Amino acid sequence: MRKSIFLVATLLAAATMLVGCGGNNNNKKNFEVALITDSGDIDDGSFNQGTYEGIKQYCEANNVTYGYYRPTSENSAAHKDAINNAIQRGAKVVITPGFSFAQTINDLQNDSKYDKIQFLLIDSVTQDEKNNNTEIKKNVHCLSYMEEQAGYLAGYAAVKDGLTKLGFLGGQSIPPVARYGYGFVQGANDAAVELNIANQVTVNYWYGGTFSPSDDVYNKMDGWYSNGTEVVFACGGKIYQSATKAADASGKKVIGVDTDQSKESPTIMTSALKGIANSVAQSLEKLYANGGVWPDTHAGQAVTLGAADDCVGLPTATESWRFSKFTVEEYNDLFEKVKTGQITVSNDVNKEPTTQITVNYEK
């Protein structure tokens with residue numbers, strides 16, 4: 001984990017399904033484990049892809065059929081339609097990545113007709129229509145990550161590598177993205193203080209309002225780079241594509257997110273990782289070892305994974321390590337301090353971090 005934290009079919013009009021299945025039998029119509037994608041697809045180089053890789057990792061090793069469904073729109077009704085299509089196709093385990101499923105899973109866990117379906121909700125907990133957290137029922141398990149720690153490691157490393165003009169590009173202003181961003185700011189600040197250059201380090205901070213690439217985001221990033229920004233932490237789905245396009249045009253750099261995105265562009269110097277694939281595979285292993293239902297350690301439980309679980313970090317494989325000054329040895333030392341609690345990173349998204357560096361929060 002530390003070295004690289006890591007059929008198309010016509011359905012009801014409400015959803016589209018694309019499929020992979022255990023045993024390489026692409027003619028099967030029933031799929032036991034179903035992913036319902038968040039905005040984007042399983043090749044987003046980010047959250048959906050990491051989740052799908054975890055499903056594939058477990059299911060192919062254990063001859064369990066699996067597939068994924070892409071809702072036609074990003075709302076609860078479309079999510080429910082996609083989930084119902086999956087269940088009609090034989091799904092017994094439904095996996096949903098992202099905060100946008102919080103209300104959907106809450107609604108379904110309170111409907112007795114879904115009692116035998118096991119849900120894995122990633123990066124969120126169940127919530128009501130007012131975004132209040134609700135009791136998690138026995139057929140639901142929730143996985144979240146300490147994004148603030150991953151963001152901290154990335155921000156610290158960037159400044160230690162000699163960069164002083166940083167940017168944070170968030171997809172939307174939601175807690176997981178904000179934790180990445182505020183962690184990034186904290187890491188950059190701590191490194192700058194250590195190097196006694198806090199008065200020289202600045203961070204531009206902006207939410208693009210989308211998880212997709214767009215001309216508006218590209219133009220914003222192009223403007224940042226033209227005005228001296230050296231690296232942008234692009235956080236949210238495929239929005240990084242706008243950043244890498246602008247970085248390539250200006251000879252600047254990008255920090256990826258969620259998965260190791262180094263193969264996506266030579267401009268990506270590192271990625272702030274979540275161990276999504278392994279944690280999903282491990283959760284499925286626990287479920288099937290318990291006869292296909294969540295064991296007591298998982299049933300109705302929300303688990304938050306971080307450095308102590310080796311579930312956040314930076315990739316250290318040779319092909320992914322693109323720092324010029326900051327070394328793997330220095331990173332390993334930093335990681336251990338975060339892992340053991342010697343360094344603590346605030347996960348508070350209700351107030352901006354207190355810093356000695358300058359952070360420009362743009363609306």
Side-chain angles (χ1 to χ4, degrees), residues 14-15 35-40 46-48 51 70-84 94-112 114 117-151 168-185 205-212 235-237 239 257-258 274 276 279-280 283 294 298-306 345-353 361 363:
L35 166 66
I36 312 300
T37 65
D38 197 357
S39 58
S46 186
F47 211 80
N48 288 317
T51 304
R70 186 173 58 202
T72 54
S73 59
E74 289 304 313
N75 58 60
S76 188
H79 290 164
K80 289 175 182 177
D81 284 337
I83 289 170
N84 284 324
V94 173
I95 300 177
T96 55
F99 75 100
S100 64
F101 289 97
Q103 183 183 338
T104 301
I105 301 305
N106 181 61
D107 292 345
L108 300 186
Q109 72 171 0
N110 289 307
D111 187 334
S112 60
Y114 297 96
I117 304 300
Q118 305 299 302
F119 292 98
L120 177 57
L121 175 59
I122 301 172
D123 228 28
S124 187
V125 294
T126 55
Q127 295 182 331
D128 61 21
E129 65 279 0
K130 295 182 179 180
N131 298 323
N132 297 314
N133 293 352
T134 61
E135 178 186 357
I136 304 170
K137 300 300 177 66
K138 293 293 186 181
N139 62 328
V140 178
H141 179 55
C142 301
L143 277 179
S144 296
Y145 304 87
M146 296 180 185
E147 293 91 357
E148 68 278 4
Q149 292 182 342
F168 175 77
L169 167 63
Q172 294 180 10
S173 181
I174 59 173
V177 176
R179 286 193 292 269
Y180 268 130
Y182 285 1
F184 183 70
V185 168
Y205 195 109
W206 181 66
Y207 295 104
T210 178
F211 289 118
S212 301
C235 182
I239 198 172
V257 76
D258 289 339
K274 298 177 184 178
I276 302 170
S279 57
V280 168
S283 294
W294 292 118
H298 290 59
Q301 301 296 316
V303 175
T304 303
L305 305 171
V345 187
S346 172
N347 64 357
D348 187 353
V349 297
N350 294 314
K351 61 180 181 181
E352 298 164 358
Y361 293 98
K363 303 299 183 183

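Predicted model, so just to flag it, every value in this text is computed and none were measured. Because only heavy atoms are used, hydrogens play no part in the values below, and waters and symmetry mates are left out as well, while side chains stay in.
The structure places CG of Asp38 at 12.5 Å from CZ of Arg70, a figure rounded to the nearest 0.5 Å. Interatomic distance, CD1 of Ile105 versus OG of Ser76, reported as 9.0 Å (0.5 Å rounding). Here OG1 of Thr134 is found 3.5 Å from CG of Asn106. Values are rounded to the nearest 0.5 Å. The SG atom of Cys235 lies 10.5 Å from the CZ atom of Phe184; values are rounded to the nearest 0.5 Å. Going from atom OG of Ser124 over to atom CZ of Phe101 covers 10.5 Å, rounded to the nearest 0.5 Å. Here the CG-CD1 distance, from Asn131 to Ile174, works out to 11.5 Å after rounding to the nearest 0.5 Å.
Considering Asp107, Val94, Val140, Asn84 as possible partners of Tyr114, the one that fulfils the side chain to side chain contact (heavy atoms under 4.5 Å, CB included) test is Asn84. Each of Ile95, Thr96, Ile83, Thr104 was scored for a side chain to side chain contact (heavy atoms under 4.5 Å, CB included) with Phe119, with one residue passing: Ile83.
When the ring-ring contact (aromatic ring centres under 6.0 Å, His included) test is applied to His141, the partners found at least two apart in sequence or on another chain are Trp294, His298.
At least one side-chain heavy atom of Asn48 sits less than 4.5 Å from a side-chain heavy atom of Pro97. The side-chain heavy atoms of Gln109 and Asn139, taken from C-beta on, include a pair separated by under 4.5 Å. When side chains are defined from C-beta on, Arg179 does not count as touching Met146, because their heavy atoms never get closer than 4.5 Å. Annotation: side chain of Asp123 is not in contact with side chain of Phe99 (no heavy-atom distance under 4.5 Å). Contact of the Phe211 side chain with the Ile239 side chain is not registered, since no non-hydrogen atoms from C-beta on lie closer than 4.5 Å.
Under the 3.5 Å distance criterion, with hydrogens and angles disregarded, no donor-acceptor pair is assigned to the side chains of Ser144 and Thr304.
Between Tyr180 and Tyr182, the distance separating the two ring centers is not shorter than 6.0 angstrom.
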Does the pair Asn75 and Ser73 meet the rule for a side-chain hydrogen bond (donor to acceptor under 3.5 Å, both in side chains), with working shown? CA-CA 6 Å; Asn75 58 60; Ser73 59; 2.8 Å; yes
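Summarising the geometry of Ser279 relative to Leu305, their closest heavy-atom pair is CB-CD1, 3.7 Å, with the distance given to 0.1 Å.
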